[in-house]
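Just below is one structure, and these are the notes that go with it.
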Amino acid sequence: MATNITPRAENYSQWYLDVIAAGQLADHAPVKGCMVIRPTGYALWEEIQAVLDRRFKETGHVNAYFPLLIPQSFITKEAEHVEGFAPELAVVTRAGGKELEEPLVIRPTSETVIGHMYSQWISSWRDLPLLINQWANVMRWEMRTRMFLRTSEFLWQEGHTAHETPQEAEEETLKMLDVYREFLEGHLAMPVLAGRKTEREKFPGADRTYCVEALMQDKKALQAGTSHNLGQNFSKAFDITFLDRANERLHAHTTSWGVSTRLIGGLLMTHSDDDGLVLPPRIAPVKAVIIPLFKNDEEKALVLPFAEQVKTALGGCLDPLKVRMDTRYDQRPAERYFHWIQQGVPLRLEVGPRDVAGGQVCAVRRDTRAKAMIGLDDLGREIPALLEQMQADLYAKALAFRQANTHLVDTYEEFKQVLTEKGGYILAHWNGSEEVEARIKEETKATIRLVPLENTPLPQAAGPGRCMVTGEPSPGRVVFALAY
RNA sequence: CGGGGUGUAGCGCAGUCUGGCUAGCGCACCUGCUUUGGGAGCAGGGGGUCGGAGGUUCGAAUCCUCUCACCCCGACCA
């Protein structure tokens, strides 16, 4: 039992912060709301980047980089956009020792600068589609911050595309949403619901916002990724036009989509336990750690060469950079175990005199603590299998949790009761009005996380009914939850 | 911005009400010895001028005034 981590049941928020500290993922920065992402945390981000970057490229996108500073006037060009972001902008007004003629906004997102550039780059239908992604930092001056989940500065990727037709833009928007879904489920072992945001919850300046939502262990929802169909809002504001095949001048249809370092917070809150971080093998920067154990020089002379053999064997079936050897021989075994447990390393391979004698290692899973003795010759086959099993088990566990915490309600009374007594996702009918949505949020703090897409695996939500508040007709249930 | 709270060693705290020896304790850190298959024990050691400024006093971490910062709850949000 970890003594440096507050149990989830006692104080979930403190648990979250404790796991970050114990796993050395991040630290508070001197500036309020900012954080330092430490090597262990950054390695996770690099893993996320590597997988997603490849998927973006496979789907036809290329990377570029746009500047951090944006002329303030750009932000004001799109009406909803300025209204949505104005309160949280950080603005540079002085530079080079004097007041700037025009203040420069530190980007909260890059639709505006990129729109400005796209207007210069696009002139013909032959220039479309334009499919660019950038990995960058952005800044949003939030009132309340939480490590990884909401920091003043955060890292993300933002894809920005321009298309000829509304159909193509919509197709792109949904395609990238699906890339996120696949990534979250396949690599982070986080089951998600995909859906559309309501008018009230959508991105400022978008026609439609789609999202993937994940359920955390405290039964609150977390928006894990968003994909926006911006329609012609930004192309009109920034004059992104092209001549089509009939020599007609048209505004392009644009999209944008992003995921951020928030994913790390979501990953943590999905799988970790009271002993600290638990990482799904596919995303773990270190997949296995070898821990040589010995009491004296004779044992050391026996154990170390064997441990090297184990490392070589693992290097044959895993990325050698993702296998660690724990050489802190001056520390006690328990202490060394705990270090790697709290770093979330999926497999711990103990190699002591007993194992050398048996020609085997003792493999211990981080999630279940299950031990398995594996012969040296079997490592190449068994270790990858064990890691894949753990990956599948983590996903299955998270999925079972979500299913156990998804509730169907038909009346507003029942809704309030389930929300306070059980939490989780609540599927209910809603008349589609912003007023009712606002009232529910006002009275219960719950928001509509999404309106399920047709292919969302929520069969129980399908079918018409009557709004739980007004009794008016509703085409299908929407997903409510308390959210981060 | 509204409500509540806290600033004393890297971290967590005691001491403040009722001014008074050289400002303590736990963890972490350093050295040595003994230990070592789920967070070791003993011994020794380094580190703070008490958020900042001003005032009262023979004497201030402690009392007074001003000020700064941070945390929690709410509104806002990837």
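First the proteins, then the strands, lettered A, B, ... as listed; each starts at 1. Since the model is a prediction, treat every value here as computed from it, not as a measurement.
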Sequence neighbours left out, what passes ring pair (Phe, Tyr, Trp, His ring centres under 6.0 Å) with A:Phe56? Give chain and number order. A:Trp257
With rounding to whole Å, what would you report as the distance between B:rA9 and B:rA28 at their C1' atoms? 11 Å
Would a 4.5 Å heavy-atom cut-off, applied to side chains only, mark A:Glu335 and A:Arg328 as touching? no
Remember a base hit wins even if backbone is also touched, and classify A:Ser152 as base, sugar-phosphate or nothing at under 4.0 Å, heavy atoms. nothing
Between the side chains of A:Arg55 and A:Asp178, is the shortest nitrogen-to-carboxylate-oxygen separation below 4.0 Å, so that they form an ion pair? no
A:Glu78 side chain to A:Asn233 side chain, donor-acceptor N/O pair below 3.5 angstrom: no
Within 45 degrees of the ring normal and closer than 6.0 Å to the centroid, is that where the cationic atom of A:Lys397 sits relative to A:Phe401? no
What's A:Ile291 touching, base or sugar-phosphate or nothing? Going by heavy atoms closer than 4.0 Å. nothing
Suppose you measure atom P in B:rU49 against the same atom in B:rU65; what distance do you get, rounded to whole Å? 26 Å
Whole-Å distance, A:Phe203 CZ to B:rC76 C1', equals 16 Å
Which pair of non-hydrogen atoms, one from A:Leu263 and one from A:Leu184, has the smallest distance, and what is that distance? CD2-CD2, 3.7 Å
In whole angstrom, give me the gap between the C1' atoms of B:rA40 and B:rC50. 34 Å
A:His253: partners by side chain to side chain contact (heavy atoms under 4.5 Å, CB included), with sequence neighbours left out: A:Pro166, A:Ala169, A:Gln232
Gap between atoms CD and P, on A:Glu442 and B:rG74 respectively (whole Å): 14 Å
Taking Watson-Crick and G-U wobble contacts under 3.5 angstrom, with | marking pairs to another strand and [ ] crossing pairs, the secondary structure of RNA chain B is written ((((((((.[[[[.)....(...]]]].((((((.....)))))).....[[[[[..)....]]]]])))))))....
Atom CD1 of A:Ile20 and atom C1' of B:rC11 are separated, to the nearest Å, by 17 Å
Say you pick atom C1' in B:rC30 and the same atom in B:rC70; how far apart are they, in whole Å? 31 Å
Salt-bridge test for A:Arg181 and A:Glu185: reply yes if a basic N is under 4.0 Å from a carboxylate O, no otherwise. yes
Span that lies between the C1' atom of B:rG5 and that of B:rC21, in whole angstrom: 34 Å
Just how far, in rounded Å, is C1' of B:rA78 from CE of A:Met190? 13 Å
From CE of A:Met139 over to P of B:rA78, roughly how many Å is that when rounded to an integer? 17 Å
Heavy-atom contacts, protein to nucleotides 30-43 of chain B, under 4.0 Å, summarised as B (base), S (sugar-phosphate only) or - (none) per nt, yield -----BBBBBB---
Take atom CD of A:Glu142 and atom C1' of B:rA75, then tell me their distance rounded to the nearest Å. 12 Å
Closer than 4.0 Å, any side-chain N/O of A:Lys202 to the OP1 or OP2 of B:rA78? no
Whole angstroms only, please: what is the OH-C1' distance between A:Tyr484 and B:rA75? 19 Å
Side-chain touch A:Leu349/A:Val289, heavy atoms, less than 4.5 angstrom: no
How is A:Lys300 classified with respect to the nucleic acid when contacts are heavy atoms under 4.0 Å: base, sugar-phosphate, or nothing? nothing
When the C1' atoms of B:rG26 and B:rC64 are considered, how many whole Å apart are they? 34 Å
Using a 4.0 Å cut-off on heavy atoms, which residues in residues 256-274 of chain A reach RNA chain B? List them by number, or say none. A:Ser260, A:Arg262
5'-most contact on RNA chain B: A:Phe148 or A:Ser13, nearest heavy atom basis? A:Ser13
Given the C1' atoms of B:rG38 and B:rA75, what is the spacing between them in whole Å? 46 Å
Could you tell me whether A:Arg348 sits above the aromatic face of A:Tyr337, with NZ or CZ closer than 6.0 angstrom to the six-membered ring centre and within 45 degrees of the axis? yes
Whole-Å P distance, B:rU62 and B:rC17: 9 Å
Please tabulate, for side-chain N and O atoms in residues 291-311 of chain A, each donor-acceptor pair with protein atoms closer than 3.5 Å (sequence neighbours left out).
| unit_1 | atom_1 | unit_2 | atom_2 | d |
| --- | --- | --- | --- | --- |
| A:Asn296 | OD1 | A:Glu298 | N | 3.3 |
| A:Asn296 | OD1 | A:Glu299 | N | 2.9 |
| A:Glu299 | OE1 | A:Lys295 | N | 2.7 |

Heavy-atom distance under 4.5 Å between the side chains of A:Val469 and A:Arg439, does that happen here? yes
Going by the angle between their ring planes, with limits at 30° and 60°, are A:Phe154 and A:Trp156 parallel, tilted or perpendicular? perpendicular
Rounded to whole angstroms, how far apart are CD on A:Glu83 and P on B:rC76? 13 Å
